[in-house]
Protein chains: 2
Amino acid sequence: MPKPDATIAPEALRASALTDDVSFLLARANAIALAAGNAALAAHGLKVRAYSVLVLTSGDARPSQRELAEFLRLDPSQVVSLVDELQSRGLVERQPDPADRRANVVVATEAGRALVVTARESAHAAEERVHAELSASERTTLATLLRTLAFPAE
Amino acid sequence: MPKPDATIAPEALRASALTDDVSFLLARANAIALAAGNAALAAHGLKVRAYSVLVLTSGDARPSQRELAEFLRLDPSQVVSLVDELQSRGLVERQPDPADRRANVVVATEAGRALVVTARESAHAAEERVHAELSASERTTLATLLRTLAFPAE
DNA sequence: TATTGTTATACTCTATAACTATA
DNA sequence: TATAGTTATAGAGTATAACAATA
């Protein structure tokens with residue numbers, strides 16, 4: 001008899017209608033991946049949300065808060081506190097957008113970029129554990145299919 | 001220039017590192033599917049959570065609250081209020097488990113089963129819209145891959 | 001001793017409206 | 001008029017510990 005575990009589901013329900021429901025599978029897989037990601041990033045004082053902001057602001061994109069909100073599907077007010085938190089830790093800074101003085105461009109600081117590098121290792125290690133049962137090509141296929149759902153045309 | 005929409009993401013960020021991150025894609029796809037599901041089920045006075053409980057208790061599985069919690073990855077205390085709510089609406093009932101008098105078996109009532117039938121149509125229609133860009137075989141592949149992540153061996 | 005369901009509680013997350021400054 | 005960011009607030013979701021009944 002298997003030890004009770006967060007990822008173990010009762011046998012009797014495995015045959016239920018929900019097991020064929022992509023939305024349900026999406027929810028359960030996401031819950032597992034999110035828990036693993038948060039656990040792995042805790043060592044860096046981050047959660048997936050904050051980590052995602054750090055990744056997005058470490059590149060050349062120079063996103064506004066509004067763009068971060070849309071991309072991460074967060075309310076703009078949630079981005080405020082997320083950026084507040086990261087800024088208070090010296091990991092990102094708000095820069096005025098020269099093209100639109102209403103907008104803030106959020107950019108990672110040197111410290112933020114450094115943290116992303118080490119945090120990414122932990123995040124990838126956690127993802128590796130979660131995806132251990134999938135082959136490399138299966139992961140590629142999964143990513144492609146999920147991208148279609150995550151970024152629908154129009 | 002595209003109208004701002006909840007599912008539209010800023011172009012500049014589409015090239016970011018996160019777009020290759022399966023966990024991120026999982027989170028975003030799930031957020032979109034969950035929003036669509038909740039919107040579709042609202043007409044029946046349900047959300048995905050309650051709908052899922054109704055589906056799981058409409059079959060022959062006769063799950064306990066503990067089993068529902070594990071399968072849906074909810075805290076047992078969340079299942080209490082979920083079942084309370086459905087029971088107060090006459091959609092499910094708690095039955096004593098003859099094999100274990102500590103446990104409640106949750107079963108959908110006739111009304112609950114009837115509601116599932118109509119609610120399922122709305123849920124499937126919503127899922128159809130969300131998955132419109134995927135072919136039938138792609139959906140099957142996606143379901144198979146997600147099932148591996150959602151129900152890891154051991 | 002351990003587990004099921006329950007309650008209470010606190011914490012996080014999410015959603016909304018209103019405000020300001022800019023466009 | 002409309003939009004970006006902010007603030008305040010309320011609501012929903014999540015997590016924890018403690019308890020009674022039962023195993």
Side-chain angles (χ1 to χ4, degrees), chain A residues 1-6 8 10 27-28 30-32 34-35 37-39 41-42 46-50 52-53 62-88 92-106, chain B residues 1-6 8 10 27-28 30-32 34-35 37-39 41-42 45-53 62-88 92-106:
Chain A
M1 232 168 294
K3 266 282 180 191
D5 183 270
I8 297 300
R28 197 171 204 273
N30 177 54
I32 292 172
L34 186 64
N38 278 332
L41 289 167
L46 294 172
K47 294 187 177 182
V48 266
R49 280 293 160 65
S52 300
V53 170
R62 301 179 58 84
S64 68
Q65 296 188 187
R66 183 68 49 159
E67 288 173 319
L68 289 172
E70 288 171 11
F71 196 72
L72 297 172
R73 288 188 63 93
L74 299 175
D75 192 88
S77 63
Q78 294 177 259
V79 175
V80 171
S81 47
L82 216 38
V83 172
D84 279 353
E85 159 76 9
L86 289 171
Q87 188 169 40
S88 75
V92 302
E93 56 183 30
R94 289 172 163 96
Q95 293 179 2
D97 182 345
D100 185 341
R101 284 187 301 171
R102 293 172 304 179
N104 294 329
V105 161
V106 184
Chain B
M1 234 166 296
K3 266 284 182 186
D5 183 89
I8 297 299
R28 198 172 203 275
N30 177 54
I32 291 172
L34 185 64
N38 278 332
L41 290 166
L46 295 171
K47 294 188 177 182
V48 261
R49 279 294 160 64
Y51 170 74
S52 300
V53 169
R62 300 178 59 83
S64 67
Q65 295 188 188
R66 183 68 47 161
E67 289 174 318
L68 289 172
E70 288 172 9
F71 196 72
L72 298 172
R73 287 189 64 92
L74 299 175
D75 192 88
S77 63
Q78 293 177 260
V79 176
V80 171
S81 48
L82 216 38
V83 172
D84 279 353
E85 159 76 10
L86 290 171
Q87 188 170 38
S88 76
V92 303
E93 56 182 30
R94 289 172 163 95
Q95 293 179 2
D97 183 346
D100 184 342
R101 284 187 300 170
R102 293 172 304 180
N104 294 329
V105 160
V106 184

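All values below come from the heavy atoms of this structure, side chains included, with hydrogens, waters and symmetry mates left out. Quick note on labels: first sequence line is chain A, next is B, and so on, each numbered from 1.
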Taken to the nearest whole Å, CD1/A/Ile32 to P/D/dT14 is 15 Å

In short, A/Ser52 meets A/Leu72 closest at the heavy-atom pair CB-CD2, 3.8 Å

Examine distances only and state if a side-chain atom of B/Asn38 and a backbone atom of B/Val48 form a donor-acceptor pair shorter than 3.5 Å.
yes

Think B/Arg73 has a side-chain N or O under 4.0 angstrom from the OP1 or OP2 of D/dA15?
no

What is the distance, rounded to the nearest whole Å, between atom CZ of B/Arg66 and atom P of D/dT22?
16 Å

Tell me the interatomic distance from B/Leu68, atom CG, to C/dT6, atom P, rounded to whole angstroms.
12 Å

Is the side chain of B/Glu67 donor-acceptor paired with the backbone N or O of B/Ser64 at a distance under 3.5 Å, no angle test?
yes

Can you measure B/Asn30 atom CG to D/dG13 atom P for me and round it to whole angstrom units?
14 Å

Looking only at atom types and distance, does a side-chain atom of B/Arg62 sit under 3.5 Å from a main-chain N or O of B/Asp97, one as donor and one as acceptor?
no

From C-beta outward on B/Asn104, which listed nucleotide comes closest to its side chain: C/dG5, D/dA4, D/dG13?
C/dG5

Quick check: on DNA chain C, is the nucleotide nearest A/Pro76 upstream (toward 5') of the one nearest A/Pro98, or the reverse? Name the residue that is more 5'.
A/Pro76

Check the phosphate of C/dT14 against A/Gln78, side-chain N and O only, distance under 4.0 Å to OP1 or OP2. Yes or no?
yes

Confirm from the modelled atom types if A/Ser77 and C/dT14 form a donor-acceptor pair under 3.5 Å, side chain to base only.
no

Side-chain N or O of B/Asn38 less than 4.0 angstrom from OP1 or OP2 on D/dA12?
no

Any N or O donor-acceptor pair under 3.5 Å from the base of C/dT22 to the side chain of A/Arg101?
no

Rounded to whole Å, CG of A/Asp97 lies from C1' of C/dT22 at a distance of 12 Å

Taking the side chain of B/Gln65 as its heavy atoms from C-beta onward, which of C/dT6, D/dG5, C/dT4 lies nearest to it?
C/dT6

Whole-Å gap separating C1' (D/dG5) and CG (A/Leu82)
15 Å

Mapping A/Asp100 and A/Asp75 onto DNA chain D by nearest heavy atom, which one lands closer to the 5' end?
A/Asp100

Length of the CG-P vector between A/Asp84 and D/dT6, whole Å
7 Å

Nearest-nucleotide check on DNA chain D, A/Arg94 vs A/Arg102; residue mapping nearer the 5' end is A/Arg102

Kindly say if B/Lys47 contacts the phosphate of D/dG13, meaning a side-chain N or O under 4.0 Å from OP1 or OP2.
yes

So if I apply the side-chain contact (heavy atoms from CB on, under 4.5 Å) rule between B/Gln65 and each of B/Val106, B/Val53, B/Leu74, B/Leu82, which one comes out positive?
B/Val106

